[in-house]
Protein chains: 2
Amino acid sequence: MLDERKRAILKAVIQDYIFTAEPVGSRALVKRHDIGLSPATIRNEMADLEEMGYLEQPHTSAGRIPSHWGYRFYVNTMMDESELSGKDSEVLDKLLLSIRSSSGSLSRDVAKLLSSVTSYLSLIAEPASPSQSIRHIDIIPVTNTAATLIVVLSDGTVRHHSVNLPQGLESRQVRHLTRFVNRQLEGVTLQDIDEKLVADLKKDFAGNVRLIDSIFTIVHYMMLTGDQNLVIDGATNLLNQPEFKDVEKVRKLLHSLEQNDQLLPLLQADEDIAIKIGSEIGVDSFSDCSLVIASYTRPDRKLLFGILGPARMEYAKTVSLLKRLRQHFQEDGGMGNE
Amino acid sequence: MLDERKRAILKAVIQDYIFTAEPVGSRALVKRHDIGLSPATIRNEMADLEEMGYLEQPHTSAGRIPSHWGYRFYVNTMMDESELSGKDSEVLDKLLLSIRSSSGSLSRDVAKLLSSVTSYLSLIAEPASPSQSIRHIDIIPVTNTAATLIVVLSDGTVRHHSVNLPQGLESRQVRHLTRFVNRQLEGVTLQDIDEKLVADLKKDFAGNVRLIDSIFTIVHYMMLTGDQNLVIDGATNLLNQPEFKDVEKVRKLLHSLEQNDQLLPLLQADEDIAIKIGSEIGVDSFSDCSLVIASYTRPDRKLLFGILGPARMEYAKTVSLLKRLRQHFQEDGGMGNE
DNA sequence: TGTTAGCACTCTCACAGGGTGAGTGCTAAT
DNA sequence: ATTAGCACTCACCCTGTGAGAGTGCTAACA
């Protein structure tokens, strides 16, 4: 469909454009790459590539820029997944090391790492999976009428919420309740908690029933929202990219990023590493961007990574970075303390 | 120092500028407010006010804009803390109601509320105070070698962290450790936990000592970082303000907002409600902004609110909003569930 | 037949010049 | 002390012009 020469030219255009962010013209192309062809020939080929939809022209007398379809083609068939450059690799190792010894939260640290190495925006989420089961529940009275409810899930994540206690509840009764709830709910998966189960619980429990309702509500809430742990870093990186010189664009972008419940679904994918280009992301204000997502799963933990950059993203580098990162985590469970 | 007429003119200029974001000229001023004076007189007075430092002129033939000192004077002596307008009040009530029934996190909800009512940026923090004591500690094994450490503080906040367990530790031993640590640390304030205490603990504990170290490290970490719960909302609001048409400014602003460990100190103040204007905030990239902060304390909870807007902020409205909010929380403890 | 040189053409961008309007400061009259 | 009048100063907008980059087309060439 595309002969060898056209492929080479397309690739050259894309690589140049990724680097310069300027429309690339025929003359510039022959200068930078040594294809043994004159600008005129390149022009003809470029015109073909434009007709086929791989390239676009911002205006009549400008160079060409890749279309989203062009990027897609590049990513699918032409991208050489180069190893990380020596320097990047070094920086990465150093940062990974500093994360291991850091006492901060893992998501935040990884987000910072990804955004600083890529100079794009990074998203890290720790989704609540409905197949998680409840490992432990605690109810800790704080004042006479307020307590903190703590739920630990089988992947080690913790959710907590404050609940109101009925007036005059004694600590003995709270302990009793805690034991009861634990006995009943330990090992139960989140998806199994439904009205019926709660009704049964209420029937069995010889004590204050309203509390059970509270607990149910909160557990239910935990199922719905995994956004608790969505971390974003490097928004400012994007503003350095020439495509975001326009405040209005930035405004829309940031607005979408503030709707964090709508971001989590974006990070889900079937493959290990997936690349979404422009409208494939499914969010209007991201239509000039690309998103590379990766997931990492361990028995005790699931993490979703996302890297959001301009469509003119260094795909090869980004992908190999994510692969490297996953490998690092996989091989030594190198997550240290959260 | 300032006669009645100068005060009136200064106030008029400030109010107009807050409203229009445009330099206000002598003619425009007499038109909008009915002072019985001609533009020429106003011009003379304005020149005086400029000399005194209350007003500034962007360039020779433009109107005047308030200097930061002008704002400061306005805020200190001339601001009438109007009640919220009927409409705002209504919206606020509605939002407060929806928060009570929401099952989301309180900080987030309040942040959303504040930013949507003010159309500025809001910050909410729940700081860890070193005078907090430890109410309860839990160690929940997750895999053979990993556990989640949970610490509940006396104000009801929860911190958690995963820790590595030594190979081959039995659950009996974990329970033993948990009981021991609880017995020793319950009621101890965060600031009292130091090397000496840890050394004593280690001496007393007949078991694996490395875990105690882990626990100490984590508790120590909790003291230092209250940023865990810093929530920011409404960054996009700021981008709507005409003073942020410049991407570079936005970039710097966002950059500062991403350093969230440096934000918490900004929200601390001695008074109940404090207003920081421009350089008073102490962050370079906020030098065109003002920050209004308020704190709210209840036995089981402490919250810090901050509203960041352009120096040209509606101070009166913002302050009365925060007062109203605090009153709401105080009178009925209306925080519902977190 | 594919490739290349040459050329006219198009379009953006940067810059300069001129007109407009808002606003000032000064001066002289009230 | 206040005000009307007036000359002056900028910022802003519009326009035009020239330079530069790049294209498409045509005709010549291997």
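In what follows, every heavy atom counts, from backbone to side chain, and hydrogens, waters and symmetry copies are set aside. Model, not experiment: these values are computed from the prediction. Naming convention: chains lettered A, B, ... in sequence-line order (proteins, then strands); numbering from 1 in each chain.
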Closest to the side chain of B:Gln57, out of D:dA4, D:dT23, C:dG25, is C:dG25
Side-chain contact check for B:Ser61: nearest option of D:dG24, C:dC11, C:dG23 is C:dG23
When you measure from the side chain of A:Ser26 to the backbone of A:Ile42, do you find a donor-acceptor pair of N or O atoms at a distance under 3.5 Å? no
Can you check whether B:Gly309's main-chain N or O pairs, donor with acceptor, with B:Gln241's side chain at less than 3.5 Å? no
Between B:Thr41 and D:dT3, is there a side-chain N or O to OP1/OP2 distance below 4.0 Å? yes
Does OP1 or OP2 of D:dT3 have a side-chain N or O of B:Ser38 closer than 4.0 Å? yes
Between atom [atom1] in [X] and atom [atom2] in [N], what is the gap in whole Å?
X: B:Arg64; N: D:dT9; atom1: CZ; atom2: C1'; value: 13 Å
X: B:Glu50; N: C:dG23; atom1: CD; atom2: P; value: 15 Å
X: A:Met46; N: D:dG24; atom1: CE; atom2: C1'; value: 14 Å
X: B:Lys6; N: D:dA1; atom1: NZ; atom2: C1'; value: 12 Å
X: B:Leu29; N: C:dA22; atom1: CG; atom2: P; value: 16 Å
X: B:Ile9; N: D:dT2; atom1: CD1; atom2: C1'; value: 12 Å
X: B:Glu56; N: C:dT24; atom1: CD; atom2: P; value: 15 Å
X: B:Leu37; N: C:dT30; atom1: CG; atom2: C1'; value: 16 Å

Would you call [X] and [Y] a salt bridge, taking side-chain N to carboxylate O under 4.0 Å as the test?
X: A:Glu90; Y: A:Lys87; answer: no
X: B:Arg64; Y: B:Asp16; answer: no
X: A:Asp80; Y: A:Lys11; answer: yes

If every non-hydrogen atom of B:Ala294 is compared with every non-hydrogen atom of B:Leu322, which pair is closest and at what distance? CB-CD1, 4.0 Å
Let's test your reading of the model: under 3.5 Å, does the base of C:dT10 pair with the side chain of A:Thr60 as donor and acceptor? no
N/O donor-acceptor pair, side chain A:Arg43 with base D:dG24, under 3.5 angstrom: yes
Whichever of A:Asn44 and A:Ala28 has its nearest DNA chain D nucleotide further upstream toward 5': A:Ala28
How bent is the helix from C:dT1-D:dA30 to C:dT30-D:dA1, comparing axes over its five end pairs at each side, to the nearest 10°? 20°
Test item: side-chain donor near acceptor, A:Tyr315 and A:Ser290, under 3.5 Å: yes
